[in-house]
Amino acid sequence: LNESIAKLTVHIDCSNSNTEQYTFEIFVNDTLVSKTTDSFNNKSVSIPIEIKNPKRWWPHNVGDPYLYGVKIIIKKDDTIVDEAFVKKGLRTIELITEKDESGESFYFKINDVPIYVKGANYIPQNSLQNMVTTTHYEKLIDDVVAANMNTLRVWGGGIYENDIFYDLCDEKGLLVWQDFMFACAMYPGDIAYLKNVQQEAIDNVKRLRNHASIALWCGNNEIASAWISWGWKEELPKSVWDDYEKLFHKLLPALCSGLDPTRLY
């Protein structure tokens, strides 16, 4: 991504082993930018596209959170067999951690511009999640913007939020600090449990990584603090901390690095 061009790749996964040829049409803001023929054949199809003179996505208090509309249409013999539409914000993000007089800096650069982060800790809006409606999400996000916040931290004791939450954060220009859903407890480190966590993390990182609003992945809420400061270190065997390291120092950072290398875990 630079001032003159954005180079992206559309990855399309198929859930079966169909070896037939398909036509893939990709539109950006309703303009056809790619038309190609390929087969899945037990693999994903990857199609490069370009956007000239790209508009950047910004936090709302710095600039315009511009989103491109990207439509992918899959055809067989001129018949549409599947299609998808996503809104995509183009921006760079970098967490700056440099030695300074206080120890070490900790701030984000968006599109190479330092951003002053101000926001809140976000917890589920209702103990009964099915009671939360689209209207609730819209009102809350609008209130966040009206309060001049630019960041929400999705708390690790809640849920991986519904798509509408992240869609609205993209649209309204909010950054999201995304916890994985672990909080205030020590977790097992056996193979079966780690495999379960791995798949949960894969599903959510893949689901959320295309959102411009996602700024950072965080392993958990307060567990290291609890181990050190809540007396757990003295009460529990070291094997419990070894399990912590398996999950939060090895599995999750490796997974994030592989699936979403542009963001920090």
Hydrophobic cluster identity match, [X] and [Y], side-chain contacts under 4.5 Å:
X	Y	value
Val205	Val86	no
Ile47	Leu32	no
Ile73	Leu8	no
Leu216	Phe165	no
Leu264	Val176	no

Do you see a donor-acceptor pair shorter than 3.5 Å between the side chains of [X] and [Y]?
X	Y	answer
Trp241	Asp243	no
Trp217	Asp260	yes
Ser46	His11	yes
Asp170	Ser213	yes

Within this structure, what is the [atom1]-[atom2] distance for the pair [X] and [Y], rounded to the nearest 0.5 Å?
X	Y	atom1	atom2	value
Ser4	Ile51	OG	CD1	12.5 Å
Glu98	Glu104	CD	CD	9.0 Å
Ile164	Ile141	CD1	CD1	9.0 Å
Leu168	Leu140	CG	CG	9.5 Å
Glu3	Ile5	CD	CD1	12.5 Å
Ile228	Lys233	CD1	NZ	6.5 Å

Next on the checklist: Using ring centroids (six-membered ring only for Trp), state whether Phe182 and Tyr187 fall under 6.0 Å.
Outcome noted: yes
Under a 3.5 Å distance rule, please check whether [X] uses its side chain to pair with a backbone N or O of [Y] as donor and acceptor.
X	Y	answer
His249	Lys246	no
Asn196	Ala192	no
Tyr265	Phe248	yes
Asp100	Ser102	yes
Asp179	Gly156	yes

Checklist entry - Could Lys75 and Glu25 be called an ion pair, given the rule that one side-chain N must be under 4.0 Å from one carboxylate O? => result yes
Checklist entry - Salt bridge or not for Asp163 and Arg207, using N-O below 4.0 Å? => result yes
Item to check | Gln199 and Asp203: CA distance, side-chain angles, deciding distance, side chain to side chain donor-acceptor pair (under 3.5 Å) verdict | outcome: CA-CA 6 Å; Gln199 192 58 55; Asp203 291 345; 3.0 Å; yes
If every non-hydrogen atom of [X] is compared with every non-hydrogen atom of [Y], which pair is closest and at what distance?
X	Y	value
Pro237	Trp227	O-CH2, 3.7 Å
Ile12	Val10	CG1-CG1, 3.9 Å
Ile159	Val154	O-CG1, 3.7 Å

Close side-chain approach of [X] and [Y], heavy atoms under 4.5 Å:
X	Y	result
Asn220	Glu222	no
Cys184	Trp230	yes
Leu247	Leu194	yes
Val144	Leu152	yes
Met186	Ile223	yes
Trp58	Pro65	no
Val240	Lys238	no
Leu174	Thr151	no

Checklist entry - Passes side chain to side chain contact (heavy atoms under 4.5 Å, CB included), Tyr22 versus Thr37? Steps please. => result CA-CA 5 Å; Tyr22 292 91; Thr37 301; over 6 Å; no
Taking atom [atom1] of [X] as the centre, report whether more than 12 heavy atoms of other residues, nucleotides or ligands fall under 6.0 Å from it.
X	atom1	result
Asn2	CG	yes
Lys35	NZ	no
Ile123	CD1	no

Next on the checklist: Determine whether Asn61 and Asn148 satisfy the following criterion, side chain to side chain contact (heavy atoms under 4.5 Å, CB included), listing intermediate values before the conclusion.
Outcome noted: CA-CA 7 Å; Asn61 63 320; Asn148 207 30; 4.0 Å; yes
Item to check | Candidate pair Arg209 and Ile214, rule side chain to side chain contact (heavy atoms under 4.5 Å, CB included), full reasoning | outcome: CA-CA 7 Å; Arg209 64 186 175 182; Ile214 298 287; over 6 Å; no
Next on the checklist: Given Tyr166, which partner from the list Glu171, Gln178, His211 fulfils the side chain to side chain donor-acceptor pair (under 3.5 Å) test?
Outcome noted: Gln178
Item to check | Check against salt bridge (Lys or Arg N to Asp or Glu O under 4.0 Å), Lys172 and Asp142 | outcome: CA-CA 8 Å; Lys172 302 293 185 177; Asp142 284 344; 3.2 Å; yes
Checklist entry - Taking the inter-plane angle between the rings of Tyr160 and Phe180 on a 0 to 90° scale, is it parallel (under 30°), tilted (30 to 60°) or perpendicular (over 60°)? => result perpendicular
What donor-acceptor contacts under 3.5 angstrom involve side-chain atoms of residues 107-122, with partners at least two apart or in another chain?
unit_1: Asn111; atom_1: OD1; unit_2: Arg56; atom_2: NH1; d: 3.0
unit_1: Asn111; atom_1: OD1; unit_2: Thr92; atom_2: N; d: 3.0
unit_1: Asn111; atom_1: ND2; unit_2: Trp57; atom_2: O; d: 3.1
unit_1: Asn121; atom_1: OD1; unit_2: Arg153; atom_2: NH1; d: 2.7
unit_1: Tyr122; atom_1: OH; unit_2: Gln125; atom_2: NE2; d: 3.1
unit_1: Tyr122; atom_1: OH; unit_2: Glu161; atom_2: OE2; d: 2.8

Item to check | Intermediate values then yes/no, side chain to side chain contact (heavy atoms under 4.5 Å, CB included), Gln198 and Leu251 | outcome: CA-CA 7 Å; Gln198 181 180 37; Leu251 189 152; 4.2 Å; yes
